[in-house]
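Quick notes on the structure that follows.
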Amino acid sequence: MDIFDEIIRCMKEEASSSGNVFVRRKDLAEFMGEQIPAAVRPAPAPQAVPRIELPEEPPAAPPAMMRKALPDLSNMNWQELHQCALQCAACPLAPTRTNVVFGCGAEQTELMFIGEGPGADEDAQGIPFVGRAGELLTKMIKAMKYDRSEVYIANIVKCRPPENRNPSDDEAAACIPFLKRQIELVQPKAIVLLGAVPVKYLMGKTGITRLRGNWMEYEGIKVMPTYHPAYLLRNPAAKADVWKDLQQVMAYLGKL
Ligand code: URA
């Protein structure tokens, strides 16, 4: 029964009691037309509402990163520099890191190694070159007649680039002041650059295949570019080239 039937029923009741009113349903409907107040208008028959598949709620965006310019690092000692790196928010890698991978080894020594940036193992432990490539680097250092603790190891960037991609130009530029101050503090006689990334960002040069094995110079320090140990894991045949490069470094440092 809808509203019209209800009204007619009421009027019929009224008519039967007063004896003078009779109305047909159709007439009443025409009469009331638009004027049936919304409150008493019959609710439209429910219709099947097509189910709209809404896209899943996107994951909450990481908090907006406030890029914080680095202070002047040029007079910092090891402790101040390390502390500053731990608090660094100078590039978009900062909020994604587990640990800052500052560097490790002897704070003043004749030989330094520079890689690209931390991978997953390094990010988890906060120490450079501790994964598979790191194991190979440790063997390379031993073959050069050094212990890992006798050399200094650092990277172009101190925070892990997601999915082990290369650091971007921006990330490298934001981070390189740390490495430059590390080199000043270590005062190495020779630096071994591991792969194309440190050659690009420390020396401003590209073409590791062409450049490897040839001495370069950075601020009066001899620099030897060679292949990255991760490359050697994929291309073991290139170990012979790397060994030649390292032997040049050994000869320069009086280790042969
Ligand atoms: N590769 C790098 O270049 N650096 C590390 O610390 C580890 C892997």
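We count residues from 1, following the sequence as given. Every number for a ligand or one of its atoms is a count from 1 in the order of the listing.
Looking at heavy atoms from C-beta onward, C88 lies out of side-chain contact with K68 at the 4.5 angstrom threshold. Contact of the Y201 side chain with the V157 side chain is not registered, since no non-hydrogen atoms from C-beta on lie closer than 4.5 Å.
Residue pairs meeting the ring-ring contact (aromatic ring centres under 6.0 Å, His included) criterion with at least one member in residues 104-162, sequence neighbours excluded, are W78-Y152, F129-H228.
By the 4.0 Å N-to-carboxylate-O rule, E184 lies close enough to R181 to be salt-bridged with it. Using a cut-off of 4.0 Å between Lys/Arg side-chain N and Asp/Glu carboxylate O, D169 and K200 are scored as salt-bridged.
Ligand 1 is surrounded by G115, E116, G117, E122, P128, F129, N155, H228, each with at least one heavy atom closer than 4.0 Å.
For the side-chain contact (heavy atoms from CB on, under 4.5 Å) criterion with I114, the lone passing option out of L194, L202, V223, V192 is L202.
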